[in-house]
Structure formats: C-alpha cells, structure tokens
Amino acid sequence: MISCDDELRRWPTDEAQARAVQDRLRPHVRLDEAGPEPGFEGTVVGVDVAYDDERDVVAAAAVALDARTRAVVDRATAVGQVSFPYVPGLLAFREIPTVLDALGRLARTPDLVVCDGYGLAHPRRFGLASHLGVLTGLPTIGVAKNPFTFRYAPPGPERGATSPLLDGTEEVGRALRTQTGVKPVFVSVGHRTGLDRACAHTLHLAAEYRLPETTRAADALCRRALADA
DNA sequence: GCGACAG
DNA sequence: ATCTTGTCGC
C-alpha cells in the first residue's frame, strides 16, 4: 500500500526525479479489475485543471455526476501554486496535487474518476489517470482530446465506433467516436478498470457532445474557480 | 542534432 | 493549457 500523503510530501522537483517516481509507482497499477459496470448505482467524478502562469496559480475542479442519469450531484474546487512545469509525459506532476485537494472536498468517495488525459497510454505506461488511481486507490480512466504520440486508424463514422490506439503493435487505448462525424476521443485505462468498460462509460457520458459531461462540467468549473481566485 | 509531444 | 474575432447555426 502506498501513502498518498508521503507521495505529496516527496513531490519531485526535476524531470529525473519525476520519471523515477513513475517507475516506482507503476507496479501498483491494477489491471485485473473490470471496474464499475455500465449503469452502476453511484457517482462518476470528472476532474480538470486550469492555469494562470502569470500568477503561478492553478485551479482544480471535481464534479460528481450520477453515473446513470448524468445529473450533477456534487462539486468542489481547490486553488494552489503550480508545482511542476508542463513536460510531455510528466503532466501528472503538474495537475495531481490540486486535483487531490479538490477530490477531498467532495461529500462522498467517487466510484469512478474520469481524467483529462491518459492512463496506460503513456511512454512509461503511467499517465495522469494511472497516477491518480494509484494515489487514491480509486478506479480511474483517461479521456484525451489528442492522440499524443500514438498511432491509430480512424474509427468508423458512427457514434460508438472504435479503433485501437497503438504504441507500435501494443494497444494502449482506443480511439472512440462519441458523436457521428466528429473527431474521436482517446480513451485509456487508468487503474482498476478495463478498456471495454472505460469506453462504455465514456460513450454513456458523451451522450450529447464529443467530450464526456464529466470533463465538460469540470472544465467549466475550474475555469470559473481560476477567475475567482 | 531535429522534430514530436496528454494539458 | 492559453492567447484571440468573427462567424455560422440551432
């Protein structure tokens, strides 16, 4: 078992340390659980972060939706100082401290967390969603807007179509068409979830727009929190 | 060395 | 991520 508090206390200050942390925590990712089944009774929480580099301020939001109806049932925000620069592959170190703060302000523990970014689809198989999952112990998935460094063949034009997201020949995630005729999103497993259910949840959450409601709600809220900070 | 590169 | 105008459309 890893201690979230200890990890935060020993937050890396340079890239080499950060990569070492990823290599140390990666074995704690659990890939043997299917995760919450689609339509489960509980909450899906979306998290997102906004920055003001001028003021060195970061604002995070966590929005809890009813997993079945997608109705917002709770929301929380947190504001902090930027703890790491943006480096491709090390995004988690920039976002996680403030996200954890916001998650801790929710009234109840999430049953599933949807992150803006990747989980296993990562150069060292330990993206933001996996990192957040290992620190919290919660089931997590990553939904990204861009394919990062990975390759994919365009999925079919219909909503629900998928194609493998590939690192060489390894499927690290899936391109998922959430709306007919619209650019796909890129789904990967974070922690304690399988790829099939990760895609099913994403599709259910993206009933109306390209991005899941969790992401849209968290994005709007963290922007507002940043403006008010 | 050069380009690519989640947010 | 963020900087940014107008514009097309429901």
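Order of the sequence lines fixes the chain letters, A, B, ..., with proteins taken first and strands second; residue numbering starts at 1 for each chain. Atom set for the values below is all heavy atoms of this structure, side chains included, hydrogens, waters and symmetry mates excluded.
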Asker: Quick one: what's the B/S/- string for nucleotides 2-7 of chain B, heavy-atom cutoff under 4.0 Å, read 5' to 3'?
Answerer: ---BBB
Asker: What residues form a salt bridge (Lys or Arg N to Asp or Glu O under 4.0 Å) with A/Arg210, not counting sequence neighbours?
Answerer: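 Listed in chain order: nothing, the list is empty.
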Asker: Under 4.0 Å between a side-chain nitrogen and a carboxylate oxygen: does that hold for A/Asp101 and A/Arg105?
Answerer: yes
Asker: Per the side-chain hydrogen bond (donor to acceptor under 3.5 Å, both in side chains) rule, what does the pair list look like for residues 216-229 of chain A, sequence neighbours excluded?
Answerer: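 Applying side-chain hydrogen bond (donor to acceptor under 3.5 Å, both in side chains) to every pair that reaches into residues 216-229 of chain A, excluding sequence neighbours, yields A/Glu213-A/Arg216, A/Asp219-A/Arg223.
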Asker: Each nucleotide in nucleotides 4-10 of chain C should get exactly one letter: B, S or -. Can you fill that in based on protein heavy atoms under 4.0 Å?
Answerer: -------
Asker: Are A/Asp116 and A/Arg94 within salt-bridge range, i.e. N to O under 4.0 Å?
Answerer: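 Salt bridge absent between A/Asp116 and A/Arg94.
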Asker: For residues 157-197 of chain A, which residue pairs pass the ring pair (Phe, Tyr, Trp, His ring centres under 6.0 Å) check, not counting sequence neighbours?
Answerer: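 Listed once each, the pairs are A/Tyr152-A/Phe186.
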Asker: Could you check whether any side-chain N or O of A/Thr136 sits under 3.5 Å from a backbone N or O of A/Leu132, counting only pairs where one atom can act as donor and the other as acceptor?
Answerer: yes
Asker: Please give, in whole Å, the distance from C/dA1 C1' to A/Arg223 CZ?
Answerer: 8 Å
Asker: Is there a path of hydrophobic side-chain contacts, each under 4.5 Å between heavy atoms of I/L/V/M/F/W/Y residues, joining A/Leu221 to A/Val143?
Answerer: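 Same hydrophobic cluster.
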Asker: Using a 3.5 Å limit on both pairing distances, list the dot-bracket string of DNA chain C from the 5' end; Watson-Crick and G-U wobble pairs count, crossing pairs take [ ], interstrand pairs take |.
Answerer: ..........
Asker: Does A/Ser163 use its side chain to pair, donor to acceptor, with the backbone of A/Ala153 at less than 3.5 Å?
Answerer: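 Indeed, once roles are kept as given, a pair shorter than 3.5 Å links the two residues.
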Asker: Strictly below 4.0 Å, N to O, side chains only: are A/Glu33 and A/Arg197 in salt-bridge contact?
Answerer: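 A/Arg197 and A/Glu33: not salt-bridged.
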Asker: Can any side-chain N or O of A/Arg177 pair as donor or acceptor with the backbone N or O of A/Pro155 at less than 3.5 Å?
Answerer: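 Yes.
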